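Here is the structure we will look at, set down as C-alpha cells.
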There are 2 protein chains.
Amino acid sequence: MVSTPTTAPLTLGELARAAEVPVGTVKYYLREGLLPEGRLRSTTRADYDETHLARLRLLRLLREVGDVPVGRLRDLVAALEDEGADRTHGSLGVLAAGSSALAGPVPAPGPLAERADALAGELAAEVGWDDQLRAAPEWAALRAVLETVLAWERLGLPVASTDLRPYVVAADLVARHDVAALGDLDPTDLLTQLVVGQVVYGRLLEVLRRLGEAHHSLVRYGPPDH
Amino acid sequence: MVSTPTTAPLTLGELARAAEVPVGTVKYYLREGLLPEGRLRSTTRADYDETHLARLRLLRLLREVGDVPVGRLRDLVAALEDEGADRTHGSLGVLAAGSSALAGPVPAPGPLAERADALAGELAAEVGWDDQLRAAPEWAALRAVLETVLAWERLGLPVASTDLRPYVVAADLVARHDVAALGDLDPTDLLTQLVVGQVVYGRLLEVLRRLGEAHHSLVRYGPPDH
DNA sequence: CATGGATGGATAGTGCCAGTCTCCAATCAG
DNA sequence: CTGATTGGAGACTGGCACTATCCATCCATG
C-alpha cells in the first residue's frame with residue numbers, strides 16, 4: 001500500500017529546497033492536508049520521501065500553470081488518495097473523479113437549459129460521442145457554457161451547431177490524442193498524467209489558439225500599417 | 001466620434017438593473033474607469049446610454065465566464081478606447097492590442113528559452129504559420145508555456161513536436177474559424193467580438209475537451225465497473 | 001409644497017484567498 | 001556547549017473585488 005522509498009529521506013527544509021518552494025508554503029500545504037505528513041522521527045525531525053516531492057511539484061505546477069485554487073487541489077488530492085485505498089472504481093472511475101475535481105462545481109441549470117441541452121446533443125452527435133455521456137458531470141458543464149453562449153446570442157454571438165462545429169472537431173481531435181497518450185500506468189499515476197495534461201496542455205492550447213488567431217489575422221488583414 | 005444614442009437615457013440605477021448587476025458594482029467599475037462616466041444632468045442625475053449598457057455586459061461576461069481580473073479589464077478598456085481616438089493602427093493593431101491585454105504579461109525567458117523557442121518554431125512550421133509571428137507577444141507566451149512543458153519533460157511529459165502536433169492542428173483549426181467568423185465591423189466592435197470569442201469559446205473548448213476525454217476513456221477502458 | 005426615497009460621489013469596511021510571519025520548545029551539527 | 005534548525009501552532013498580511021455607509025442634493029408623488 002505504501003510504496004517503499006528508494007532514496008534517502010528528506011527533512012522538511014530539504015523537501016522545500018528540492019521543490020524550490022518556501023518552507024512556509026510547504027507547512028501550509030501540510031496543514032491543509034494537500035501533502036501527507038512525514039514520518040515523525042523525533043520532535044523536530046520528520047522524514048519525507050520522493051513521493052512527497054512528486055506531490056509537492058504537482059501541486060505547484062497546478063497552482064502556477066493552471067491557477068487551480070487550493071480548494072480544488074484538495075478535492076484532487078482526495079481523488080488521488082482514496083484511489084490508493086479503495087479499488088472499487090476502475091480506471092475510468094479514477095479519471096472521472098480527478099477530472100471533475102479539476103473542473104469544479106457546475107452551475108445550476110437556468111432557463112435556457114433545454115435549448116442548451118439540445119445543442120449539446122447536436123454537437124456530440126457531430127463527432128459521434130457516446131450518449132451515455134449525458135449522465136456525466138462534464139455534460140452538465142457543457143450545458144452550462146452553452147447556456148451562457150445562448151444568452152449572448154441576441155448580442156451577436158453565433159451559436160448554431162454549425163458555427164460551433166470547429167470547436168467540437170478540435171476538442172475531439174485533442175481528446176482522442178490525450179487519451180491515447182495515457183500510458184498503461186497504475187491508476188494513480190494515470191490520474192496524475194491526466195490532470196497535468198489537462199492543465200498544462202490546456203494552457204498550451206490557449207496560447208496556440210491566440211497565436212493562430214494572430215497568424216490568420218495577418219493573412220486576412222495584411223501586416224500592420226503602423 | 002461619440003455615437004448618438006438611439007434610445008432613452010438611463011440613470012445609474014436603471015443601468016444596473018438592466019445589466020442585472022448591483023448598483024454598488026457599477027459604481028465600482030465607474031471608479032475604476034472600466035465604464036465611462038455618464039453625462040451629468042444635475043448633482044444627482046447622470047445619463048447613461050446603451051453603449052454603457054453594452055460595455056457593462058461585456059465586463060460582466062468577461063469576469064464571470066472568463067475570470068478575467070479587473071486589472072486586465074482595464075487594459076482591455078484602454079485598447080477599446082484609444083482605438084476610438086487614434087486610428088493609426090489598422091484592424092490588426094486593434095486585435096493585437098486587445099488580444100495581448102487579455103493574455104496579460106508574459107513571464108521572462110528562463111534557461112530553457114532556447115529549446116522552447118526552437119520547439120515553437122517546429123510547431124508553427126507544422127501548420128505553416130508566418131515567421132513574422134516570432135516578433136509577436138503571443139509567440140513569447142508560447143515560448144513561456146513550452147518552457148514549463150520542457151521543465152516537466154524529465155517527469156514524464158511528452159514534448160517532441162510530434163507529440164504536440166494535435167494541439168497545433170486543433171488550434172489552427174479553431175483560429176482559422178475564429179478569424180473567418182469576424183464580421184466586417186468597425187474596429188471597436190471587431191475587438192469586442194474577438195475578446196468575447198476568445199473568452200467564451202475558450203471555455204467552450206475546455207469543457208468540450210473534457211467531455212471528449214470522457215468519451216474516449218469510455219471507448220478505451222469500457223464503462224465503469226463500479 | 002413637503003417629504004420620502006432615489007441618486008451621485010467619496011470613503012471605509014468586508015470576506016476570501018494564499019500564503020507569510022512569529023514564537024516556541026526540542027534537538028541536531030560543529 | 002551552543003547557535004542554528006526543525007516541526008508545529010497561531011496570528012498576521014496583502015491583494016482582490018466588491019459592499020456598505022454617509023451625505024448633500026434632488027426628483028417625483030400625494
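The structure presented is a predicted model; accordingly, all values stated were derived computationally and were not measured. Numbered from 1 within each chain, the chains take letters A, B, ... in sequence-line order. Heavy atoms only: backbone and side chains are in, while hydrogens, waters and symmetry mates are out.
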Reckon B:R74 touches a base, only the sugar-phosphate, or nothing at all at heavy-atom distances under 4.0 Å?
nothing
Is it true that B:R134 and B:D117 have a side-chain N and a carboxylate O under 4.0 angstrom from each other?
yes
Rounded off to whole Å, could you give me the CG-to-C1' distance for the B:L15 and C:dG8 pair?
13 Å
Could you tell me whether the side chain of A:V200 reaches within less than 4.5 Å of the side chain of B:T148, counting heavy atoms only?
no
B:L35 atom CG is separated from D:dC18 atom P, nearest whole Å, by 13 Å
If you measure from CZ on A:R203 to CG on A:L205, what distance do you get to the nearest 0.5 Å?
11.0 Å
Give a yes-or-no answer on whether the side chains of A:R60 and A:Y29 include a donor-acceptor pair shorter than 3.5 Å.
yes
How would you summarise protein contacts on nucleotides 3-16 of chain D per nucleotide, using B for base, S for sugar-phosphate only and - for none, with heavy-atom distances below 4.0 Å?
---BBB-BB-----
What is the distance from CG of A:L62 to C1' of C:dA18, rounded to the nearest Å?
15 Å
Beyond-backbone contact of A:Y201 with B:L164, side-chain heavy atoms, under 4.5 angstrom
yes
Check B:R31 with B:E37, please: is the shortest side-chain N to carboxylate O separation under 4.0 Å?
no
Rounded interatomic separation in angstrom, taking CG from B:D67 and P from C:dC16
17 Å
Output the rounded distance in Å from CD (B:E64) to P (D:dC18).
8 Å
B:R60 side chain near D:dC18 phosphate (N/O to OP1/OP2, under 4.0 Å):
yes
Measure the distance from OH on B:Y29 to P on C:dG8 and round it to the nearest whole Å.
18 Å
